[in-house]
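Index from 1, following the sequence. As a basis for the values below, the full set of heavy atoms in this structure was taken, side chains included, without hydrogen atoms, waters or symmetry mates.
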Amino acid sequence: MDLTRFEKFREGLAAHLPGAVSQILGKEKGSDFCEIGFITTDDLYGCFITWDTSGCIDEYFDWDQQLEPETDFLYQPLVEVVDACKDIDLCTASPEKWEFVKGFLSVLEGAVKALPDEVFEENGFAREDILFFATMSDGDYVEEMMNTSLRSFNSMETMEIYEL
């Protein structure tokens, strides 16, 4: 997968994700856990960020907390990537679509791992307290995205804390 198609998306993440995560963690100071999810649609047309402090990600689709419009950096650049992607049918499950999804996850992984420790510490959390994941709201690759992102976005210590 040619990740250069995600360059504008990557730039937006680098510039704005630390602030968005800090804002979320600031709202949840005093909590033991915080799960942060990047949710996209079945055709990957845009993305938003949501979070919860239950210690469980099984019902992420019911989480109603979102940062808006502060997450335009997640939504519009991904829409532009999808609009420019004429070589893959992103509405239908296929090996090509899964490769696109893996590219999207790779870019998110890099941004999550690049978050400075200060984002967590200034809000009373250790990095390991926060569980990051990405998935679709519904569609072809809900479970695959969830499982892939959990393993790649988080440390083993975090996975153990969340009993995953």
Side-chain angles (χ1 to χ4, degrees), residues 1-14 16-18 20-21 24 33-68 71-115 120 127-164:
M1 167 59 56
D2 178 16
L3 295 181
T4 59
R5 71 173 70 208
F6 293 100
E7 194 54 38
K8 188 172 179 185
F9 182 64
R10 180 191 322 265
E11 290 169 1
L13 286 168
H16 300 288
L17 188 60
V21 171
I24 290 167
F33 309 106
C34 190
E35 309 83 42
I36 298 177
F38 302 94
I39 313 299
T40 187
T41 59
D42 181 39
D43 59 359
L44 292 110
Y45 203 77
C47 183
F48 67 92
I49 191 169
T50 188
W51 72 95
D52 196 57
T53 58
S54 66
C56 178
I57 58 173
D58 292 339
E59 297 184 19
Y60 68 88
F61 43 82
D62 286 334
W63 298 354
D64 59 1
Q65 301 185 84
Q66 295 181 34
L67 298 175
E68 302 254 356
T71 57
D72 284 348
F73 71 92
L74 285 169
Y75 190 85
Q76 191 58 40
L78 188 58
V79 166
E80 292 171 14
V81 171
V82 169
D83 282 346
C85 186
K86 306 293 184 206
D87 56 326
I88 303 171
D89 177 3
L90 294 172
C91 294
T92 306
S94 68
E96 295 79 16
K97 180 178 179 179
W98 179 241
E99 286 301 311
F100 184 93
V101 169
K102 289 190 321 186
F104 166 70
L105 292 175
S106 175
V107 171
L108 278 173
E109 175 188 359
V112 167
K113 288 186 174 181
L115 288 168
F120 304 96
R127 181 181 291 270
E128 293 75 26
D129 297 332
I130 312 305
L131 184 74
F132 291 95
F133 68 94
T135 193
M136 295 176 165
S137 52
D138 61 6
D140 303 320
Y141 298 112
V142 171
E143 292 297 318
E144 293 89 342
M145 284 183 73
M146 178 73 78
N147 294 334
T148 299
S149 66
L150 284 170
R151 285 190 309 271
S152 63
F153 293 7
N154 301 288
S155 69
M156 288 303 297
E157 184 176 348
T158 301
M159 298 292 279
E160 289 171 7
I161 289 169
Y162 282 86
E163 299 178 359
L164 296 170

Which pairs with one or both residues in residues 84-95 pass salt bridge (charged side-chain N to carboxylate O under 4.0 Å, His left out), sequence neighbours excluded? R5-D87
Residue pair [X] / [Y], side-chain heavy-atom distance below 4.5 Å:
X	Y	answer
W63	I57	yes
E35	Y60	no
F100	V81	yes
I36	I130	yes
V101	T40	no
L3	S106	yes
L108	S149	no

Give the C-alpha distance, both sets of side-chain angles, the deciding distance and a yes or no for side chain to side chain contact (heavy atoms under 4.5 Å, CB included) between C34 and I24. CA-CA 9 Å; C34 190; I24 290 167; 4.0 Å; yes
How far does [atom1] of [X] sit from [atom2] of [Y], to the nearest 0.5 angstrom?
X	Y	atom1	atom2	value
D58	D52	CG	CG	11.0 Å
I161	M156	CD1	CE	11.5 Å
T158	L164	OG1	CG	10.0 Å
I39	T50	CD1	OG1	6.5 Å
R10	L17	CZ	CG	13.5 Å
E143	T148	CD	OG1	10.5 Å

[X] versus [Y], closest heavy-atom pair with distance:
X	Y	result
E128	S155	CG-OG, 3.9 Å
D42	C91	OD2-O, 4.2 Å
L115	P18	CD2-CA, 3.6 Å

Quick one: ring-ring contact (aromatic ring centres under 6.0 Å, His included) partners of Y75, sequence neighbours excluded? none
What pairs with F120 under ring-ring contact (aromatic ring centres under 6.0 Å, His included), at least two apart in sequence or on another chain? none
With sequence neighbours left out, what residues match E59 under side-chain contact (heavy atoms from CB on, under 4.5 Å)? F61, D62
Y162 side chain to D129 backbone, donor-acceptor under 3.5 Å: yes
Where does the angle between the aromatic ring planes of F38 and F153 fall among parallel (under 30°), tilted (30 to 60°) and perpendicular (over 60°)? perpendicular
Per side chain to side chain contact (heavy atoms under 4.5 Å, CB included), L78 is matched among F48, F104, F73 by F104
Salt-bridge present (K102, E99; N to O < 4.0 Å): yes
Residues at least two apart in sequence or cross-chain that pass side-chain hydrogen bond (donor to acceptor under 3.5 Å, both in side chains) with T53, listed by chain then number, are none
Identify each donor-acceptor pair in which a side-chain atom of residues 131-140 lies under 3.5 Å from a protein atom, sequence neighbours left out, and give them as a table.
from	atom 1	to	atom 2	distance (Å)
T135	OG1	V142	O	2.7
D140	OD2	A93	N	3.3
D140	OD2	K97	NZ	2.7

